[in-house]
Engineer: 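If you scroll down you'll find the structure; I have some questions about it.
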Amino acid sequence: MAAGPGVQALPAAAPAPPPVVRKINKMRRRKGVPRLRVSRALSRTSRRFAHDLMAADRLAHAPRIKAPRRFRRVGEVLAMQPGWRRSPSTAARAWLNSPGHRRVILARSFDVMGVAAARGRFGGRRATIWVAQLGRR
């Protein structure tokens, strides 16, 4: 799906914003859960979905996570921040402070993660949407 007017993807130089992955892996380590590796494939699908959500002015999971079929198991968490200031730590903290999101983030059944964000207008206001997809091959 093409991005709508006013929707900007954040730079895709790295597969995932390192602060998000570091913060989540730090929490996983404290809980005795193995760290997550960055998945370029899940980073791409996370970026695409974040962009689609912003363009559709909607924050909700799709009926099926659109991830490459090579993943046997996938999970997903979403977050939205007001404004265009990119704050990976705020997104990670929000996920870890929510019991449902935390369960996904700390699941031992996942070993890779892709994270991306899109910024644009959501409900007429500037916003940033984060998508993290987790998987296991």
Side-chain angles (χ1 to χ4, degrees):
M1 189 180 281
V7 176
Q8 302 171 340
L10 294 177
V20 173
V21 177
R22 274 198 310 267
K23 185 158 183 71
I24 287 169
N25 278 334
K26 183 177 178 181
M27 177 61 77
R28 286 174 67 93
R29 186 172 50 250
R30 279 195 295 226
K31 297 294 183 180
V33 181
R35 74 178 190 85
L36 296 165
R37 291 175 288 112
V38 174
S39 164
R40 289 179 195 255
L42 291 178
S43 294
R44 276 191 303 274
T45 57
S46 293
R47 186 171 39 256
R48 197 172 306 128
F49 190 48
H51 225 246
D52 290 349
L53 289 172
M54 187 62 75
D57 204 33
R58 152 181 100 80
L59 185 67
H61 296 281
R64 183 182 172 283
I65 297 171
K66 294 180 183 175
R69 294 189 188 272
R70 68 177 165 258
F71 292 100
R72 290 183 290 150
R73 181 172 172 80
V74 291
E76 180 178 81
V77 292
L78 309 175
M80 185 169 55
Q81 296 173 265
W84 285 355
R85 191 172 142 244
R86 184 173 106 168
S87 180
S89 290
T90 301
R93 199 170 27 256
W95 290 327
L96 293 170
N97 288 333
S98 161
H101 293 98
R102 183 183 179 105
R103 221 176 351 270
V104 173
I105 294 287
L106 297 179
R108 291 180 179 275
S109 56
F110 299 124
D111 60 0
V112 295
M113 175 182 190
V115 180
R119 58 185 174 195
R121 296 237 172 239
F122 190 92
R125 297 192 170 156
R126 290 179 177 184
T128 302
I129 292 177
W130 290 88
V131 174
Q133 293 180 339
L134 296 91
R136 178 180 279 306
R137 291 183 188 170

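Only this structure's heavy atoms are used, side chains among them; waters, hydrogens and symmetry mates stay out. In what follows, residues are counted from 1 in the order of the sequence shown.
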Engineer: Return the NE2 to CZ distance between His51 and Arg119, rounded to the nearest 0.5 Å.
Structural biologist: 10.5 Å

Engineer: Would you mind listing every side-chain hydrogen bond (donor to acceptor under 3.5 Å, both in side chains) that reaches into residues 58-67, with sequence neighbours excluded?
Structural biologist: His61-Glu76

Engineer: If you compare all heavy atoms of Ala67 against all heavy atoms of Leu42, which two are closest, and at what distance to 0.1 Å?
Structural biologist: CB-CD2, 3.8 Å

Engineer: Of the non-hydrogen atoms in Met54 and Ala118, which two are nearest, and what is the gap between them?
Structural biologist: CE-O, 3.5 Å

Engineer: Does any N or O in the side chain of Arg28 come within less than 3.5 Å of the main-chain N or O of Ile105, such that one atom is a donor and the other an acceptor?
Structural biologist: yes

Engineer: Where the side chain of Arg72 meets the backbone of Arg137, is there a donor-acceptor pair that is under 3.5 Å apart?
Structural biologist: yes

Engineer: Could you tell me if the side chain of Ile65 sits less than 4.5 Å from the side chain of Phe71, heavy atoms only?
Structural biologist: no

Engineer: Can you name the closest pair of heavy atoms from Leu36 and Val21 and give their distance?
Structural biologist: O-CG1, 4.3 Å

Engineer: Can you hop from Val112 to Val104 via hydrophobic side chains spaced under 4.5 Å?
Structural biologist: no

Engineer: So, taking the atom named CG in Leu53 and the one named CZ in Phe122, what distance separates them when rounded to the nearest 0.5 Å?
Structural biologist: 8.0 Å

Engineer: Can a donor-acceptor pair be found, under 3.5 Å and without considering hydrogens, that links the side chain of Thr128 to the backbone of Gly83?
Structural biologist: yes

Engineer: Hydrophobic clustering (ILVMFWY, side-chain heavy atoms < 4.5 Å, transitive) - are Met27 and Val77 grouped together?
Structural biologist: yes

Engineer: Of the non-hydrogen atoms in Ser43 and Ala116, which two are nearest, and what is the gap between them?
Structural biologist: O-CB, 3.9 Å

Engineer: Where is the tightest heavy-atom contact between Ala62 and Phe49, given as atom of each residue plus distance?
Structural biologist: N-CZ, 3.8 Å

Engineer: Determine whether Met113 and Arg37 satisfy the following criterion, side chain to side chain contact (heavy atoms under 4.5 Å, CB included), listing intermediate values before the conclusion.
Structural biologist: CA-CA 6 Å; Met113 175 182 190; Arg37 291 175 288 112; over 6 Å; no

Engineer: Is a side-chain N or O of Arg108 found less than 3.5 angstrom from the main chain of Gly32, in a donor-acceptor match?
Structural biologist: yes

Engineer: Might you work through the side chain to side chain contact (heavy atoms under 4.5 Å, CB included) test for Arg48 and Thr45, ending with a clear yes or no?
Structural biologist: CA-CA 5 Å; Arg48 197 172 306 128; Thr45 57; 4.0 Å; yes

Engineer: Can you pull out every side-chain hydrogen bond (donor to acceptor under 3.5 Å, both in side chains) where at least one residue sits in residues 96-105? Sequence neighbours excluded, please.
Structural biologist: Ser98-His101

Engineer: Report the distance from atom OG of Ser46 to atom CG of Leu134, rounding to the nearest 0.5 Å.
Structural biologist: 8.5 Å

Engineer: Counting only heavy atoms not in Arg30, do more than 12 fall under 6.0 Å of its CZ?
Structural biologist: yes

Engineer: Just so I know, are the side chains of Gln133 and Val74 near enough to count as touching, which here means a heavy-atom distance under 4.5 Å?
Structural biologist: no

Engineer: Specify the closest pair of heavy atoms between Leu78 and Trp95, including all atoms of both residues, with the distance to one decimal.
Structural biologist: O-NE1, 3.0 Å

Engineer: Honestly curious: do Val131 and Met80 fall in one hydrophobic cluster under the side-chain, below-4.5 Å linking rule?
Structural biologist: yes

